[in-house]
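The next block holds one structure in the form of C-alpha cells; read it before the comments.
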Amino acid sequence: MTSLRNFLDTLPAHEILDVREPVGLDFCKTALALELEARKQFPVIRFTAPAGYDVPVVTNLFADRDRIARMAGTTREGFNATWTAALDRMMPARIVDDGPVHEVVLTGSEADVTALPISRHFQGDAGRYVSSGILVCKDPDTGVRNLSFQRMQMKGPDRFGASLHSRGHIWEHLQRSAARGKNLEVAVVIGCHPAIYLAAAAKVAMEVDEFAIAGGLLGQPVDLVRCKTIDVEVPAEAEYVIEGEILADEFEDEGPFGEYTGYSTSRSTRNVFVVKAITRRRQPIFLDIVPGYSNEHLLLGRSAKEAHVFARLKEMVPNVLALNYPKSGTHFHAYVSLRKTAEGQARHALMLLLGLDSYIKLAVAVDEDVDVYDEDQVLWALATRFQADTDMFVVPKVFCNRLDPSSVDGMSAKLALDATAPLQSEAERTALPAEAVQWARDFLTHP
Ligand code: MN
C-alpha cells in the first residue's frame, strides 16, 4: 500500500489533468507544466498515451505544497512538525522476498533504456534525461544505504552520463570505492511512494538510511527487495528500477541540463553509469519530475530542508514562527517570521539562518502579522518597516552553491534584512471589525 499508484488513487479528480492525445513528450511536458504554473495551477499531469510509448507518464506530482503534505500524511500547517516527528521515529526498511517491481526482469540486450519514455525537458539540454531517479547505493565501508537525486543523461541502450555535483554521500561512496579500484553499484528507482521521494531529498547524516525516514513518514517500514544483478535493495512496490554501476575510472562530458536556478548548466562531475538490468511492473507508470526553475523541482528540493532548518532555528530562537524559501529565490532566499520580544532577536535569527544553510544569500525577518508565504506581504514589510542604513548587514565572501551564476570562486555575499517593526512602534495598521470581515466572507460563499 506504499506505492506511487496507491497515492495517485487518493487524489481527487480535479488534481489530475489527463492528456489523452498522443503528444510527443519532448519539451511539451515541460511546457504544459510551466504554462499551468503561470496560471497558478498545479495539477498532477498524466500523459495516458504519449507518442511512441505504451506506458503512461506522470509528472508535476510535487508541484503543490498541500499535496506534498498529504504524501507525509499531514496538512501544510502540520508538515514541519510531522517531519521532525518522522526523524524521531525512523523505521528501518524491511527486506521481503518478492515484489511487483520484479514482475518483469530484463537483462543483457533486453535491458535497453532507449525503450523507456525518457524525454528532453529544455532546449539547452544535452539530450534526454531521467530527472526523477532516486539513486540508491551503499556506503562501501558501513553498508548504510543512501538515497539521492542526480540528473542522468541517456547516452545509449546501456549508458547514462551522471553528475554527482552536489557532492553528497553518493559522491563520497564513489571516491572510496574508486580508491579500491571498484565501481559503485547503484539502483535508479523511477516511481515509488512519494514519501520516499521526500525522504530522498533530505540532507541527513551519512549514518542515516533515508528509507528509514520514509518509514517514519509513512508510519510503517518500507518493503525492499534485493536487486537482481547488484547488491542493493529497492522498494518492492516501485514502478521501474534501473540496476547498474557508476564507473570508477571513466569520465565523459555530461550536460548541459536546465537546473533549478533557471539556467542551463554544464557543470558536471562527468560520471558514467552503465546499465546491468531493468526491472519493472508488468504495466508500469513512468514518473518524471519537471526540472529547471519549476514549482515541482524547487518544492521537492526544499520541503524537507525548510522543515529541517526551521526546527534547528526554533531550538535557538523559540519565538520563530514560520520559514519560507520563496520560489522567486530558487533556493537562495529565505523569509522568516517571529514574535519579537526583545530588540536584536530578528538579527539573531537572521545570523543563524545564514549559517544553517549555505545556499541562502538573502534572508528577511518579519513580524508575526506578516505571512512569509505571501511575497506581497514580505515586500510590504520591507517598504514600511525597514531602513537600509540601520536594518541590514552583509557578510562578504561566504561558501555558497556554485550553480548561482553570480557567485565568484564558490563564494557569495550574504545579505540579511530586518523588516520587523520596532517594539515601541506607533504606526498602527489599518484594520476592520471582525463582523464586517465575516459578513464579506459569508456573502462571497453564498452570494
Ligand atoms: Mn545519506
Side-chain angles (χ1 to χ4, degrees), residues 2 62 71-72 83-95 130-152 162-180 182-190 192-218 221-224 226-227 230-235 238 241-246 248 260 269 271 273 289 297 300-309 311-312 331 356-359 401 403:
T2 53
F62 298 93
M71 296 167 185
W83 183 265
T84 305
L87 290 179
D88 286 342
R89 56 153 198 200
M90 286 194 279
M91 286 191 199
R94 185 167 60 190
I95 310 270
V130 174
S131 59
S132 57
I134 299 176
L135 277 65
V136 186
C137 60
K138 285 183 181 173
D139 187 309
D141 293 298
T142 65
V144 173
R145 279 182 293 263
N146 186 67
L147 276 58
S148 64
F149 296 104
Q150 318 293 339
R151 67 194 203 198
M152 295 187 65
S163 180
L164 314 181
H165 60 251
S166 57
R167 308 219 168 190
H169 299 159
I170 185 172
W171 190 81
E172 289 277 333
H173 296 174
L174 178 64
Q175 302 317 302
R176 279 188 267 131
S177 275
R180 291 165 204 177
K182 284 187 173 167
N183 298 334
L184 183 70
E185 295 186 325
V186 175
V188 182
V189 179
I190 301 172
C192 59
H193 193 283
I196 303 173
Y197 274 78
L198 297 181
K203 299 266 190 284
V204 289
M206 186 120 56
E207 296 73 33
V208 176
D209 176 348
E210 286 85 358
F211 279 128
I213 301 176
L217 289 171
L218 290 163
V222 177
D223 284 345
L224 303 180
R226 298 182 201 282
C227 286
I230 56 175
D231 178 27
V232 174
E233 297 79 31
V234 290
V241 169
I242 304 172
E243 301 180 5
E245 294 181 333
I246 296 182
Y260 67 85
T269 55
N271 291 103
F273 174 93
I289 288 174
H297 192 191
L300 176 58
R302 78 184 199 238
S303 293
K305 181 165 75 170
E306 257 178 29
H308 200 70
V309 172
R312 300 176 94 177
H331 290 307
L356 283 169
D357 180 1
S358 63
Y359 281 47
N401 187 271
L403 286 184

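A quick note: this is a predicted structure, and the numbers were derived from the prediction, not measured. Numbering of ligands and ligand atoms starts at 1, following listing order. We're numbering straight along the sequence, starting at 1.
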Which class fits the ring pair Y260 and H297: parallel under 30°, tilted 30 to 60°, perpendicular over 60°?
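Y260 and H297: perpendicular rings.
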
Name the orientation class of the two ring planes belonging to F62 and Y197 (parallel below 30°, tilted from 30 to 60°, perpendicular beyond 60°).
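Aromatic pair F62/Y197 classed tilted.
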
Sub-2.8 Å protein N, O or S atoms surrounding the Mn ion (ligand 1)
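Hits for the Mn ion (ligand 1) below 2.8 Å: N146 OD1, H169 ND1, E210 OE2.
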
Kindly determine whether E233 and K138 satisfy salt bridge (Lys or Arg N to Asp or Glu O under 4.0 Å), including the steps that lead there.
CA-CA 9 Å; E233 297 79 31; K138 285 183 181 173; 3.0 Å; yes

Spacing of M152 atom CE and S132 atom OG [to the nearest 0.5 Å]
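Between M152 CE and S132 OG, I get 10.5 Å after rounding to 0.5 Å.
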
Spatial distance of atom CZ (R151) from atom CD1 (I289) [nearest 0.5 Å]
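Nearest 0.5 Å value for the CZ-CD1 distance: 15.0 Å.
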
With D141, which residues qualify under side-chain hydrogen bond (donor to acceptor under 3.5 Å, both in side chains), at least two apart?
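R176, R180.
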
